[in-house]
Each structure stands twice: as structure tokens, then as C-alpha cells.
Novice: 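Input: one structure, supplied below.
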Amino acid sequence: MKKALSLFFVISLFIFGCTSAKLEYQKAWEYKLDSPAYALAMSNDGKYIAVGVEGMKGGVILLNEFGKMVWENVVDTSVHSIAVDSVGRYFAVGDEMGRLHLFGRNGNVVWEQKMQNAISLVVISKDGKYIAAGEREGIGNATVHLFSIDGNELWRQEVRARTESLTVNNKGEVIYGGWGSVHLIDKDGKELWSREVKGAVRSLTFSPDDNYLLVGMDAGKVLLVSKSDGKEREIEFPTWSSINAVYMLVNGFNIIAGVEEGFIYMTDMSGQTIWRYDTKSTILTLNMTPDGSQIVAGTVNGLEFTNNKGRRKGEILIEGGVNKTVFSQDGSLLVAISGSRVYLFKK
């Protein structure tokens, strides 16, 4: 019996040792918050990590790359969205009371705007010139806003329901979607394209070359739209689950989609499946390094890693699951939140 147990131990150690050795990302630190975290953002170089905290004493906490708190701003309500510019100079924070704050790197309030309803989404363009914010429905219709970085409101648009997904590019073009529709608006507030959809828009992005829009929807559908001529192609996956993340690789030919029920797909532009990866767990969030080489799924069990060939690169089990992740620009750092804990992993 002892020999059998010893043999089992050796075999188990060998198996798990190999799994650990193959995993490229290792935990650098863990930071414990007083309340659950919901929002997350990181500067491109990974030196600044902003975390939105829920609750009556909610607010934003700025951590440095070593897991030390730089500053904390309490806004006395939940913060559900944070965005940071590429160099970590400005932090846009949307809260449950409808206030959009812009904080500087030292924690000072640069400006503040008050909106009618709770703010569900905030994004900053990569060049740091534009801030887009989306409200949840509440008093009247929800509204999407575009601001310049100095706080001037460039336009606002009413939407039929809460803003489920939102992004802005360096031209000040905004894509936003909610229940039943998706819209592309230019920096002057002119609608360039729109489409009614069944269900909700769950994810949105511009292609790396800015030539296409990618829209992830309910019922396993992705919409690929050419910005030059408005031509659309609908890609359907064999699921009724939501597409909660969609990306185009830098090669401009392949699409990555994360399906809530646990699958990650790569397709070509025609929708032909190249590979399918099964995480065997519900996907809460999906992220990809800017160069497209690494993909991480935040699941109800933790983190699941694969590459752009669909090959498994390992997993990290985290009790309570992972609901937000962000990569640094070079892909060497990965930050994740789970409940009231913030984790940084290094490659």
C-alpha cells in the first residue's frame, strides 16, 4: 500500500509539475481590498493599475506595479467602470450616482461631469484625446456621451436601453450597443452606421487597422462590418450563448470570439472555424495580448490560458472566479480581479 501511495504521489507530482512548468504567467502579488472590485484598468506599461470598488464607501484605488497603493479616492458609491490613457496620466471613472470623474496620476480631480443616470461604461481612446461614457437606463432614456480629454462634451445621444458595450477610436468615432441596436457615431455626433439586432450587444471593437467593426451579440452571433462601404457579414456559432468578447488579430484575417458557455473560437473572415477551444467552464471575461499571441479566459474557476493556435497553455485556479482581466501592451503582465482581491501575474 505504501509503495502504491508513493508511486501515486510521484506520478501526481510529475503531472502537476509539468503543468506548472508550462505555465508562462506566475503570480507576482495579491492585493486585498475591503470591498468587492468590479472595474479594472492598467496603463500600457503596467506601472499603474486602477481598481473600481463597490459599496457605500466605493471609489477608485490606484496601485503601482509592485502592488502598493499610490492613492485612494472615495466617491461614496459603487464604481463600475474605469479607463486609463496609455501612459497612465489620466483615469476616467464612472460611478453609480452618474458622475464622471477625471483623475490625474497624483489623485487630483481634473474635472467632473454629472449625468442623469448611473454610468455603466467609460472608455478612453488610445491616444488619450477622447472619453466616451454610457449610462444605464433610469430617469428617462439612457445616454451615450463623447468628451474631449479637457472635459468638453462634444455630443450626447439617447439610446433605448442601458449601454451594454462601448468603445472609441483615435478619430473620436464611437461604437455603442445595448438592447436591440448598435450604432457608429463620428466625433461630431453624426451617425455613420446603425443596425437593429435581436437581443443585446455584448462586445464591440474596432479592428487593429480600423477598417472593420466587430460586434458580439446574443445567440452566438458576431457581426463583421466594413467601415468603407458598410457591407456586413454575420458569423454564427453553434450556441445560444452570448459572445462576450470579440477581437481581430493584427494580421487582419482572423477573428477570436469568446462564448459565455465556455468556448473560444478562431475563424477566418468568412466565418469558417479554424479552431475551437473548450475551457470546460463558464467564461466571464476574455482578453488577448495586443500582438494576439496569448489569450486568457476569466472563468468561474479562475484563469485559462491558450495561444492563437488554440493550444492550451495552462490554468490558474482562483476561488470565486475571475471577472476582469487586462494585459500590458507587451503582454508580459496580466492583472485580474476576483471578488475583493487584485492579482498581478508576470510572464
Side-chain angles (χ1 to χ4, degrees), residues 33-41 50-62 72-85 90-103 107 109-125 130-149 151-168 174-183 185 189 197 199-204 216 218 242 244-245 284-285 323-324 326 337-340 342:
L33 302 164
D34 294 330
S35 300
Y38 189 87
L40 181 66
V51 183
V53 180
E54 295 186 310
M56 294 293 291
K57 292 295 181 181
V60 57
I61 292 174
L62 186 68
E72 177 181 14
N73 267 303
V74 176
V75 297
D76 298 321
T77 190
S78 294
V79 169
H80 283 175
S81 190
I82 289 179
V84 58
D85 68 351
Y90 294 118
F91 302 85
V93 178
D95 70 29
E96 196 73 14
M97 293 177 66
R99 294 171 301 186
L100 175 62
H101 315 261
L102 188 71
F103 294 108
V109 178
V110 180
W111 52 260
E112 180 180 310
Q113 294 276 359
K114 182 70 173 72
M115 300 177 194
Q116 202 169 23
N117 302 300
I119 299 172
S120 56
L121 290 169
V122 176
V123 290
I124 298 180
S125 59
Y130 300 99
I131 299 174
E135 302 176 22
R136 285 206 294 268
E137 74 277 18
I139 304 171
N141 291 331
T143 307
V144 174
H145 308 254
L146 182 67
F147 296 91
S148 62
I149 197 66
N152 291 324
E153 186 178 59
L154 303 178
W155 55 257
R156 64 174 65 186
Q157 299 263 346
E158 285 195 350
V159 295
R160 286 182 291 181
R162 65 178 287 171
T163 310
E164 295 284 343
S165 196
L166 175 73
T167 192
V168 60
V174 175
I175 326 173
Y176 68 85
W179 285 90
S181 64
V182 57
H183 307 262
I185 312 293
V197 299
V201 173
R202 301 296 182 183
S203 51
L204 289 168
D218 284 338
S242 299
N244 57 14
L284 304 176
T285 186
N323 61 313
K324 289 284 191 304
V326 181
I337 54 176
S338 173
S340 58
V342 184

Novice: Identify the residue among Val60, Leu40, Val122 that makes a side-chain contact (heavy atoms from CB on, under 4.5 Å) with Ile82.
Specialist: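 Answer to the side-chain contact (heavy atoms from CB on, under 4.5 Å) test with Ile82 among Val60, Leu40, Val122: Val60.
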Novice: Parallel under 30°, tilted from 30 to 60°, perpendicular over 60°: which one fits the rings of Tyr176 and His183?
Specialist: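 Parallel, since the angle between the ring planes stays under 30°.
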Novice: Is the side chain of Glu164 donor-acceptor paired with the backbone N or O of Trp179 at a distance under 3.5 Å, no angle test?
Specialist: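 Here the side-chain-to-backbone pair does not exist.
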Novice: If every non-hydrogen atom of Ser81 is compared with every non-hydrogen atom of Ser120, which pair is closest and at what distance?
Specialist: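 The answer is CB-O, 3.5 Å.
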Novice: Quick one: does any side-chain atom of Glu96 pair with a main-chain N or O of His80 as donor and acceptor, under 3.5 Å?
Specialist: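 A pair under 3.5 Å: no.
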Novice: So, Asp218 side chain and Arg202 main chain: donor-acceptor pair closer than 3.5 Å or not?
Specialist: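 No, Asp218 side chain to Arg202 backbone: no donor-acceptor pair under 3.5 Å.
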Novice: With distance as the sole test, does Trp111 use its side chain to make a donor-acceptor pair with the main-chain N or O of Ile149 at under 3.5 Å?
Specialist: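 Here the side-chain-to-backbone pair exists.
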Novice: Between NE2 of His145 and CG of Leu154, what distance do you get to the nearest 0.5 Å?
Specialist: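 Reported value, rounded in 0.5 Å steps: 12.0 Å.
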Novice: Val123 vs Tyr130, test: side-chain contact (heavy atoms from CB on, under 4.5 Å). Steps then yes/no.
Specialist: CA-CA 8 Å; Val123 290; Tyr130 300 99; over 6 Å; no
Novice: In Å and rounded to the nearest 0.5 Å, what is the CG to CG distance from Asn244 to Leu284?
Specialist: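 The distance works out to 8.0 Å.
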Novice: Taking Glu158's backbone N and O only, do any of them form a donor-acceptor pair with Thr143's side chain (distance below 3.5 Å, no angle check)?
Specialist: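 Answer holds: no.
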Novice: Which one of Val174, Ile175, Leu204 satisfies the side-chain contact (heavy atoms from CB on, under 4.5 Å) criterion with Leu166?
Specialist: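 Among the candidates, only Val174 passes.
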Novice: Val75 versus Val93: any side-chain heavy-atom pair under 4.5 Å?
Specialist: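 Answer no - side chains too far apart.
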Novice: For the pair Phe147 and Leu102, evaluate side-chain contact (heavy atoms from CB on, under 4.5 Å) and give the outcome as yes or no after the intermediate values.
Specialist: CA-CA 11 Å; Phe147 296 91; Leu102 188 71; over 6 Å; no
Novice: Between Gly189 and Trp155, what is the shortest heavy-atom contact and its length?
Specialist: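 The answer is N-CD1, 3.1 Å.
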Novice: If you compare all heavy atoms of Gly55 against all heavy atoms of Ser78, which two are closest, and at what distance to 0.1 Å?
Specialist: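 Looking at all heavy atoms of both residues, the closest pair is N-OG, 2.8 Å.
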Novice: Has Lys114 got a side-chain atom pairing as donor or acceptor with Met97's backbone, closer than 3.5 angstrom?
Specialist: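 A pair under 3.5 Å: yes.
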Novice: Between OG1 of Thr77 and CE of Met56, what distance do you get to the nearest 0.5 Å?
Specialist: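 Output value for this atom pair is 7.5 Å.
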Novice: Please report the interatomic distance OH(Tyr90) to CD1(Ile124), rounded to the nearest 0.5 Å.
Specialist: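 Going from the OH atom of Tyr90 to the CD1 atom of Ile124 covers 10.0 Å.
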Novice: Please check this pair: side chain of Asn117 against backbone of Glu135, looking for a donor-acceptor N/O pair closer than 3.5 Å.
Specialist: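 Not a single qualifying donor-acceptor pair exists.
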Novice: If you measure from CZ on Arg136 to CD1 on Ile119, what distance do you get to the nearest 0.5 Å?
Specialist: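 Rounded to the nearest 0.5 Å, the CZ-CD1 separation comes out at 10.0 Å.
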Novice: Find the distance between CG (Asn323) and OH (Tyr38) and round it off to the nearest 0.5 Å.
Specialist: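 Interatomic distance, Asn323 CG to Tyr38 OH, rounded to 0.5 Å: 7.5 Å.
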